[in-house]
Amino acid sequence: MEENAQPLFTFGVIADIQYADIEDGFNFLQTRKRYYRNSISLLNSATEKWNAEPVQPSFILQLGDIIDGFNNPRKASEKALETVVNGFNKCKAKAHHAWGNHEFYNFSRTYLMDSVLNSKHLESTSEFQSAKHVEENNPEPSYSYHFSPAPNFRFVLLDAYDISIIGRGEPSRKYYQSLKYLQEHNKNTNLNFPPEPTGMKQRFVEFNGGFSREQLDWLNKVLTFADNNQEKVTVMCHLPIYPASTSPICLAWNYEEALSVLHSHQCVVCFMAGHDHDGGYCVDECGIHHLTFEGVIETPPDSNAFGTMYVYEDRMILKGNGRVKDRILLYPSF
Ligand SMILES: Nc1ncnc2c1ncn2[C@@H]1O[C@H](COP(=O)(O)OP(=O)(O)O)[C@@H](O)[C@H]1O
(Lines give C-alpha, C1' and ligand atoms only; values in the text may rest on other atoms or scores of the structure.)
Protein backbone atom coordinates (compact mmCIF):
# COMPACT_ATOMS: atom_id res chain seq x y z
CA MET A 1 0.00 0.00 0.00
CA GLU A 2 1.29 3.46 -0.89
CA GLU A 3 2.31 5.63 2.02
CA ASN A 4 -0.29 8.39 2.63
CA ALA A 5 -2.84 6.53 0.48
CA GLN A 6 -6.34 7.96 0.89
CA PRO A 7 -8.66 5.67 2.88
CA LEU A 8 -11.93 4.56 1.30
CA PHE A 9 -13.63 5.95 4.40
CA THR A 10 -12.95 6.44 8.11
CA PHE A 11 -14.97 6.05 11.29
CA GLY A 12 -14.62 6.75 15.02
CA VAL A 13 -14.94 4.28 17.90
CA ILE A 14 -15.51 4.92 21.61
CA ALA A 15 -16.66 2.69 24.49
CA ASP A 16 -17.92 2.80 28.07
CA ILE A 17 -18.23 6.54 28.65
CA GLN A 18 -20.43 5.82 31.72
CA TYR A 19 -20.98 9.50 32.43
CA ALA A 20 -22.49 10.58 35.75
CA ASP A 21 -22.33 13.97 37.43
CA ILE A 22 -20.76 12.51 40.58
CA GLU A 23 -17.36 12.39 42.26
CA ASP A 24 -14.72 9.91 41.12
CA GLY A 25 -15.13 6.38 42.51
CA PHE A 26 -13.95 2.82 41.98
CA ASN A 27 -15.11 -0.38 40.30
CA PHE A 28 -16.81 -3.11 42.37
CA LEU A 29 -13.51 -4.74 43.35
CA GLN A 30 -12.02 -1.32 44.29
CA THR A 31 -9.09 -1.94 41.95
CA ARG A 32 -9.74 0.67 39.23
CA LYS A 33 -10.54 4.36 39.54
CA ARG A 34 -13.61 5.66 37.68
CA TYR A 35 -13.76 9.26 36.51
CA TYR A 36 -17.54 9.65 36.18
CA ARG A 37 -17.74 13.42 35.72
CA ASN A 38 -14.64 13.81 33.59
CA SER A 39 -15.77 11.21 31.04
CA ILE A 40 -17.74 13.95 29.27
CA SER A 41 -14.53 16.00 28.79
CA LEU A 42 -12.87 12.97 27.21
CA LEU A 43 -15.86 12.57 24.87
CA ASN A 44 -15.56 16.26 23.95
CA SER A 45 -11.85 15.83 23.14
CA ALA A 46 -12.73 12.83 20.97
CA THR A 47 -15.40 14.73 18.99
CA GLU A 48 -13.02 17.69 18.50
CA LYS A 49 -10.40 15.31 17.12
CA TRP A 50 -12.90 13.57 14.82
CA ASN A 51 -14.21 16.91 13.53
CA ALA A 52 -10.65 17.97 12.70
CA GLU A 53 -9.82 14.77 10.77
CA PRO A 54 -8.72 15.46 7.17
CA VAL A 55 -11.03 12.67 5.98
CA GLN A 56 -14.23 13.22 7.96
CA PRO A 57 -15.42 10.06 9.76
CA SER A 58 -18.49 8.65 8.03
CA PHE A 59 -19.93 7.57 11.40
CA ILE A 60 -19.04 6.90 15.04
CA LEU A 61 -19.46 3.55 16.80
CA GLN A 62 -20.46 4.02 20.44
CA LEU A 63 -20.04 0.57 21.95
CA GLY A 64 -22.41 0.89 24.91
CA ASP A 65 -22.57 1.97 28.59
CA ILE A 66 -22.96 5.60 27.55
CA ILE A 67 -24.09 6.67 31.06
CA ASP A 68 -23.49 4.97 34.42
CA GLY A 69 -26.04 3.06 36.48
CA PHE A 70 -25.41 5.44 39.42
CA ASN A 71 -27.58 7.98 37.59
CA ASN A 72 -30.70 5.92 38.24
CA PRO A 73 -30.98 6.16 42.07
CA ARG A 74 -30.18 9.88 41.73
CA LYS A 75 -33.05 10.28 39.24
CA ALA A 76 -30.49 11.79 36.88
CA SER A 77 -30.67 9.28 34.00
CA GLU A 78 -32.42 11.53 31.47
CA LYS A 79 -30.29 14.56 32.35
CA ALA A 80 -27.08 12.50 32.04
CA LEU A 81 -28.22 11.06 28.73
CA GLU A 82 -29.01 14.56 27.43
CA THR A 83 -25.51 15.73 28.45
CA VAL A 84 -23.78 12.89 26.62
CA VAL A 85 -26.03 13.11 23.56
CA ASN A 86 -25.28 16.85 23.37
CA GLY A 87 -21.61 15.81 23.36
CA PHE A 88 -22.21 13.47 20.42
CA ASN A 89 -24.25 16.14 18.62
CA LYS A 90 -21.14 18.33 18.46
CA CYS A 91 -19.65 15.71 16.19
CA LYS A 92 -20.30 16.09 12.45
CA ALA A 93 -20.66 12.32 12.06
CA LYS A 94 -23.74 10.43 13.28
CA ALA A 95 -23.30 7.81 16.01
CA HIS A 96 -24.43 4.18 16.00
CA HIS A 97 -25.24 3.20 19.59
CA ALA A 98 -24.80 -0.30 21.01
CA TRP A 99 -26.58 -1.11 24.29
CA GLY A 100 -24.71 -2.34 27.37
CA ASN A 101 -25.66 -3.29 30.92
CA HIS A 102 -25.63 0.34 32.11
CA GLU A 103 -28.28 1.31 29.51
CA PHE A 104 -30.57 -1.18 31.27
CA TYR A 105 -29.67 0.05 34.77
CA ASN A 106 -31.08 3.40 33.66
CA PHE A 107 -33.84 2.64 31.16
CA SER A 108 -36.31 -0.04 30.12
CA ARG A 109 -36.07 -1.63 26.69
CA THR A 110 -39.30 0.09 25.69
CA TYR A 111 -37.82 3.46 26.65
CA LEU A 112 -34.58 2.73 24.79
CA MET A 113 -36.42 1.66 21.64
CA ASP A 114 -38.05 5.13 21.48
CA SER A 115 -34.94 7.03 22.56
CA VAL A 116 -31.99 8.71 20.85
CA LEU A 117 -30.00 5.59 21.72
CA ASN A 118 -31.97 3.67 19.09
CA SER A 119 -29.91 4.34 15.96
CA LYS A 120 -31.71 1.71 13.89
CA HIS A 121 -33.01 4.43 11.55
CA LEU A 122 -29.44 4.46 10.16
CA GLU A 123 -29.96 0.87 8.97
CA SER A 124 -29.37 0.01 5.29
CA THR A 125 -32.59 -1.34 3.88
CA SER A 126 -32.60 -0.83 0.14
CA GLU A 127 -30.17 -3.53 -0.94
CA PHE A 128 -31.13 -6.24 1.47
CA GLN A 129 -34.71 -6.81 2.58
CA SER A 130 -34.71 -10.54 3.21
CA ALA A 131 -32.96 -10.36 6.60
CA LYS A 132 -35.60 -8.02 7.98
CA HIS A 133 -38.56 -10.33 8.24
CA VAL A 134 -36.97 -12.71 10.78
CA GLU A 135 -37.63 -10.34 13.67
CA GLU A 136 -40.68 -8.55 12.29
CA ASN A 137 -43.29 -10.71 14.06
CA ASN A 138 -41.22 -11.22 17.19
CA PRO A 139 -42.93 -9.70 20.29
CA GLU A 140 -39.51 -9.38 21.95
CA PRO A 141 -37.22 -8.32 19.13
CA SER A 142 -33.51 -7.80 19.52
CA TYR A 143 -31.99 -4.38 18.90
CA SER A 144 -29.81 -5.29 15.94
CA TYR A 145 -29.28 -3.98 12.43
CA HIS A 146 -26.70 -3.61 9.70
CA PHE A 147 -25.53 -0.84 7.42
CA SER A 148 -23.24 -0.39 4.47
CA PRO A 149 -21.33 2.92 4.57
CA ALA A 150 -19.47 2.20 1.32
CA PRO A 151 -19.71 -0.40 -1.46
CA ASN A 152 -18.37 -3.82 -0.32
CA PHE A 153 -18.30 -2.91 3.37
CA ARG A 154 -20.94 -3.75 5.95
CA PHE A 155 -21.28 -3.23 9.70
CA VAL A 156 -23.55 -5.32 11.90
CA LEU A 157 -24.66 -4.09 15.31
CA LEU A 158 -25.70 -6.93 17.65
CA ASP A 159 -27.74 -6.98 20.84
CA ALA A 160 -25.66 -8.79 23.49
CA TYR A 161 -28.47 -8.41 26.06
CA ASP A 162 -31.14 -10.02 23.88
CA ILE A 163 -31.00 -12.93 26.35
CA SER A 164 -30.55 -11.25 29.71
CA ILE A 165 -32.32 -10.60 32.97
CA ILE A 166 -31.49 -6.91 33.12
CA GLY A 167 -33.01 -5.77 29.83
CA ARG A 168 -35.89 -8.24 29.76
CA GLY A 169 -38.50 -7.62 32.43
CA GLU A 170 -41.07 -9.98 33.90
CA PRO A 171 -43.32 -11.50 32.65
CA SER A 172 -41.68 -11.82 29.24
CA ARG A 173 -40.71 -15.19 27.71
CA LYS A 174 -37.13 -14.06 27.18
CA TYR A 175 -36.83 -12.99 30.84
CA TYR A 176 -37.78 -16.44 32.17
CA GLN A 177 -35.66 -18.17 29.54
CA SER A 178 -32.68 -15.97 30.56
CA LEU A 179 -33.21 -16.44 34.30
CA LYS A 180 -33.39 -20.23 33.89
CA TYR A 181 -30.24 -20.25 31.75
CA LEU A 182 -28.31 -18.03 34.19
CA GLN A 183 -29.43 -20.00 37.28
CA GLU A 184 -28.37 -23.25 35.62
CA HIS A 185 -24.84 -21.81 35.43
CA ASN A 186 -24.73 -19.69 38.58
CA LYS A 187 -26.07 -20.97 41.94
CA ASN A 188 -25.39 -17.76 43.90
CA THR A 189 -28.23 -15.71 45.37
CA ASN A 190 -26.58 -12.57 44.06
CA LEU A 191 -26.33 -13.35 40.35
CA ASN A 192 -23.81 -10.55 39.83
CA PHE A 193 -21.38 -12.66 41.90
CA PRO A 194 -19.51 -15.04 39.55
CA PRO A 195 -20.10 -18.80 40.01
CA GLU A 196 -16.36 -19.49 40.10
CA PRO A 197 -13.48 -17.16 41.06
CA THR A 198 -11.47 -17.84 37.90
CA GLY A 199 -11.95 -19.38 34.45
CA MET A 200 -14.49 -19.18 31.68
CA LYS A 201 -17.54 -19.83 33.88
CA GLN A 202 -17.11 -16.40 35.49
CA ARG A 203 -19.08 -14.97 32.57
CA PHE A 204 -22.37 -16.34 33.90
CA VAL A 205 -23.30 -13.19 35.79
CA GLU A 206 -26.26 -10.86 35.67
CA PHE A 207 -24.24 -7.98 34.22
CA ASN A 208 -23.64 -10.01 31.04
CA GLY A 209 -26.09 -11.47 28.54
CA GLY A 210 -26.24 -13.28 25.23
CA PHE A 211 -27.77 -13.69 21.80
CA SER A 212 -31.09 -15.41 21.01
CA ARG A 213 -31.27 -18.13 18.36
CA GLU A 214 -33.47 -15.80 16.26
CA GLN A 215 -30.84 -13.07 16.36
CA LEU A 216 -28.06 -15.49 15.39
CA ASP A 217 -30.20 -16.85 12.52
CA TRP A 218 -30.70 -13.28 11.32
CA LEU A 219 -26.95 -12.63 11.62
CA ASN A 220 -26.32 -15.77 9.58
CA LYS A 221 -28.57 -14.42 6.79
CA VAL A 222 -26.85 -11.04 6.76
CA LEU A 223 -23.43 -12.70 6.57
CA THR A 224 -24.58 -15.03 3.78
CA PHE A 225 -25.69 -11.99 1.79
CA ALA A 226 -22.31 -10.35 2.52
CA ASP A 227 -20.40 -13.50 1.45
CA ASN A 228 -22.34 -13.61 -1.82
CA ASN A 229 -21.48 -9.98 -2.50
CA GLN A 230 -17.80 -10.20 -1.53
CA GLU A 231 -18.28 -7.71 1.28
CA LYS A 232 -16.04 -7.14 4.28
CA VAL A 233 -17.99 -7.15 7.50
CA THR A 234 -17.31 -5.70 10.94
CA VAL A 235 -19.58 -6.97 13.72
CA MET A 236 -19.98 -5.07 16.99
CA CYS A 237 -21.81 -5.15 20.30
CA HIS A 238 -21.15 -4.31 23.95
CA LEU A 239 -19.79 -7.73 24.99
CA PRO A 240 -16.62 -9.40 23.66
CA ILE A 241 -17.02 -12.91 22.22
CA TYR A 242 -13.44 -14.16 21.96
CA PRO A 243 -11.67 -15.30 25.16
CA ALA A 244 -8.19 -14.05 24.22
CA SER A 245 -9.54 -10.53 23.62
CA THR A 246 -10.91 -9.98 27.14
CA SER A 247 -11.04 -11.03 30.76
CA PRO A 248 -13.41 -14.06 30.84
CA ILE A 249 -15.76 -12.30 33.28
CA CYS A 250 -16.76 -9.93 30.45
CA LEU A 251 -17.60 -12.53 27.76
CA ALA A 252 -21.11 -12.95 26.36
CA TRP A 253 -22.84 -15.99 27.88
CA ASN A 254 -23.15 -17.91 24.59
CA TYR A 255 -20.09 -16.45 22.91
CA GLU A 256 -19.26 -19.83 21.29
CA GLU A 257 -22.55 -19.80 19.35
CA ALA A 258 -21.90 -16.28 18.06
CA LEU A 259 -18.34 -17.23 17.09
CA SER A 260 -19.51 -20.31 15.23
CA VAL A 261 -21.82 -18.14 13.09
CA LEU A 262 -18.96 -15.73 12.31
CA HIS A 263 -16.61 -18.62 11.53
CA SER A 264 -19.02 -20.17 9.03
CA HIS A 265 -18.59 -17.14 6.71
CA GLN A 266 -15.65 -15.65 4.84
CA CYS A 267 -16.80 -12.05 4.98
CA VAL A 268 -16.11 -11.18 8.64
CA VAL A 269 -12.90 -9.22 9.16
CA CYS A 270 -13.35 -7.64 12.58
CA PHE A 271 -15.34 -7.85 15.81
CA MET A 272 -15.51 -4.84 18.16
CA ALA A 273 -16.72 -4.65 21.74
CA GLY A 274 -16.41 -2.64 24.95
CA HIS A 275 -17.35 -3.74 28.53
CA ASP A 276 -13.83 -4.81 29.59
CA HIS A 277 -12.40 -1.41 30.50
CA ASP A 278 -8.83 -2.72 30.25
CA GLY A 279 -9.37 -3.44 26.54
CA GLY A 280 -7.90 -6.34 24.58
CA TYR A 281 -6.96 -7.54 21.14
CA CYS A 282 -6.25 -10.76 19.30
CA VAL A 283 -6.63 -12.40 15.91
CA ASP A 284 -8.61 -15.65 15.98
CA GLU A 285 -8.01 -18.90 14.07
CA CYS A 286 -10.05 -17.61 11.10
CA GLY A 287 -8.12 -14.35 10.91
CA ILE A 288 -10.88 -12.21 12.45
CA HIS A 289 -9.53 -9.30 14.50
CA HIS A 290 -11.18 -9.03 17.92
CA LEU A 291 -10.83 -5.54 19.34
CA THR A 292 -12.07 -4.73 22.84
CA PHE A 293 -11.88 -0.98 23.37
CA GLU A 294 -10.52 0.50 26.58
CA GLY A 295 -13.27 2.19 28.58
CA VAL A 296 -13.41 5.99 28.83
CA ILE A 297 -14.72 5.75 32.42
CA GLU A 298 -11.46 4.28 33.73
CA THR A 299 -9.26 6.66 31.76
CA PRO A 300 -7.46 9.43 33.71
CA PRO A 301 -8.23 13.05 32.73
CA ASP A 302 -4.80 13.56 31.16
CA SER A 303 -5.29 10.62 28.79
CA ASN A 304 -8.14 9.38 26.58
CA ALA A 305 -9.61 6.21 25.05
CA PHE A 306 -10.99 6.40 21.52
CA GLY A 307 -9.91 5.55 18.02
CA THR A 308 -10.25 6.52 14.39
CA MET A 309 -10.29 3.67 11.89
CA TYR A 310 -8.98 4.23 8.35
CA VAL A 311 -10.49 1.70 5.97
CA TYR A 312 -8.64 0.47 2.86
CA GLU A 313 -9.20 -2.32 0.31
CA ASP A 314 -6.89 -4.74 2.12
CA ARG A 315 -6.79 -3.49 5.73
CA MET A 316 -8.10 -1.21 8.41
CA ILE A 317 -5.68 1.00 10.29
CA LEU A 318 -6.64 1.99 13.80
CA LYS A 319 -5.18 5.26 15.05
CA GLY A 320 -5.60 5.08 18.81
CA ASN A 321 -5.68 7.91 21.30
CA GLY A 322 -4.49 7.66 24.90
CA ARG A 323 -5.01 4.10 26.14
CA VAL A 324 -6.17 2.83 22.70
CA LYS A 325 -3.17 1.57 20.72
CA ASP A 326 -2.48 1.98 17.00
CA ARG A 327 -3.07 -1.28 15.09
CA ILE A 328 -2.94 -2.56 11.53
CA LEU A 329 -5.76 -5.01 10.85
CA LEU A 330 -5.07 -6.95 7.65
CA TYR A 331 -8.16 -8.69 6.28
CA PRO A 332 -8.01 -12.50 6.56
CA SER A 333 -7.77 -13.10 2.80
CA PHE A 334 -4.83 -10.71 2.29
N1 LIG B 1 -17.76 -9.58 41.61
C2 LIG B 1 -18.95 -9.02 41.79
N3 LIG B 1 -19.77 -9.48 42.75
C4 LIG B 1 -21.00 -8.94 42.95
N5 LIG B 1 -21.47 -7.90 42.21
C6 LIG B 1 -20.70 -7.39 41.26
C7 LIG B 1 -19.40 -7.93 40.97
N8 LIG B 1 -18.85 -7.22 39.96
C9 LIG B 1 -19.77 -6.30 39.62
N10 LIG B 1 -20.87 -6.40 40.39
C11 LIG B 1 -22.08 -5.56 40.31
O12 LIG B 1 -22.55 -5.68 38.97
C13 LIG B 1 -23.00 -4.43 38.45
C14 LIG B 1 -22.18 -4.07 37.23
O15 LIG B 1 -20.86 -3.88 37.61
P16 LIG B 1 -20.04 -2.67 37.03
O17 LIG B 1 -18.65 -2.77 37.55
O18 LIG B 1 -20.78 -1.38 37.25
O19 LIG B 1 -20.08 -3.08 35.49
P20 LIG B 1 -19.31 -2.42 34.30
O21 LIG B 1 -17.99 -3.11 34.22
O22 LIG B 1 -20.20 -2.69 33.13
O23 LIG B 1 -19.16 -0.98 34.65
C24 LIG B 1 -22.83 -3.43 39.58
O25 LIG B 1 -24.08 -3.35 40.26
C26 LIG B 1 -21.79 -4.08 40.47
O27 LIG B 1 -21.94 -3.67 41.81
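All figures in this text were calculated on a predicted structure; none of them were measured in a lab. Just so you know, ligand 1 is whichever comes first in the structure, and atom 1 is the first atom listed for that ligand.
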Review point. Protein heavy atom under 4.0 angstrom of atom 24 (C) of ligand 1, is there one?
Key: no
Practice item. Could you tell me whether the side chains of His102 and Asp16 share a donor-acceptor contact shorter than 3.5 Å? Key: no
**Study point:** Atom indices of ligand 1, in the order listed, that fall short of 4.0 Å to a heavy atom of His275
**Key:** 22 (O)
Point to revise | Within reach of ligand 1, part of Asp16 (heavy-atom separation under 4.0 Å) | key: neither
**Study point:** Closest protein heavy atom (residue, atom, distance) for atom 26 (C) of ligand 1
**Key:** Phe28 CD1, 3.9 Å
Review point. Any side-chain donor-acceptor pair under 3.5 Å between Tyr161 and His238?
Key: no
**Study point:** Donor on one side chain, acceptor on other, Glu231 and Asn152, under 3.5 Å
**Key:** no
Review point. Do the side-chain N and O atoms of Asn188 and Asn190 include a donor-acceptor pair separated by under 3.5 angstrom?
Key: no
Check your understanding: Between Pro194 and ligand 1, which residue portion shows a heavy-atom distance shorter than 4.0 Å: side chain, backbone, both, or neither?
Key -> side chain
Exercise for review: For Arg34 and ligand 1, answer yes if some heavy atom of the residue is under 4.0 Å from a ligand atom, otherwise no.
Suggested key: yes
Revision key, fill the gap. If you scan protein heavy atoms around atom 9 (C) of ligand 1, the nearest is Phe207 CE2, 3.5 Å
Review point. Where does Phe193 meet ligand 1, judged by heavy-atom distances below 4.0 Å: at the side chain, the backbone, both, or neither?
Key: both
Check your understanding: Which is it for Asn192 and ligand 1 at heavy atoms under 4.0 Å: side chain, backbone, both or neither?
Key -> both
Study note, to complete from the structure: For Gln18, the atoms of ligand 1 under 4.0 Å from one of its heavy atoms are 23 (O)
Exercise for review: State, without any angle test, whether Gln6 and Tyr310 hold a side-chain donor-acceptor pair at a distance under 3.5 Å.
Suggested key: no
Practice item. Report yes or no: do Ser164 and Tyr181 form a side-chain donor-acceptor pair below 3.5 Å? Key: no
Practice item. Heavy-atom contacts with Asp65 under 4.0 Å: which atoms of ligand 1 show up? List them by number with element. Key: 22 (O)
Check your understanding: Taking the minimum heavy-atom distance to atom 19 (O) of ligand 1, which of His102, His238, Glu298 ranks first?
Key -> His102
Point to revise | Aromatic plane relationship, Phe59 with Phe147 - under 30° parallel, 30 to 60° tilted, over 60° perpendicular | key: perpendicular
Review point. Can Asn101 be said to touch ligand 1, with heavy atoms closer than 4.0 Å?
Key: yes
Review point. Which pairs with one or both residues in residues 17-48 pass ring pair (Phe, Tyr, Trp, His ring centres under 6.0 Å), sequence neighbours excluded?
Key: Tyr36-Phe70
Exercise for review: Kindly confirm or rule out an N or O of Tyr105 lying under 3.5 angstrom from an N or O of ligand 1.
Suggested key: no
Exercise for review: Please test Tyr331 against His289 for side-chain hydrogen bond (donor to acceptor under 3.5 Å, both in side chains), starting from the C-alpha separation and ending with a verdict.
Suggested key: CA-CA 8 Å; Tyr331 306 141; His289 299 269; over 6 Å; no
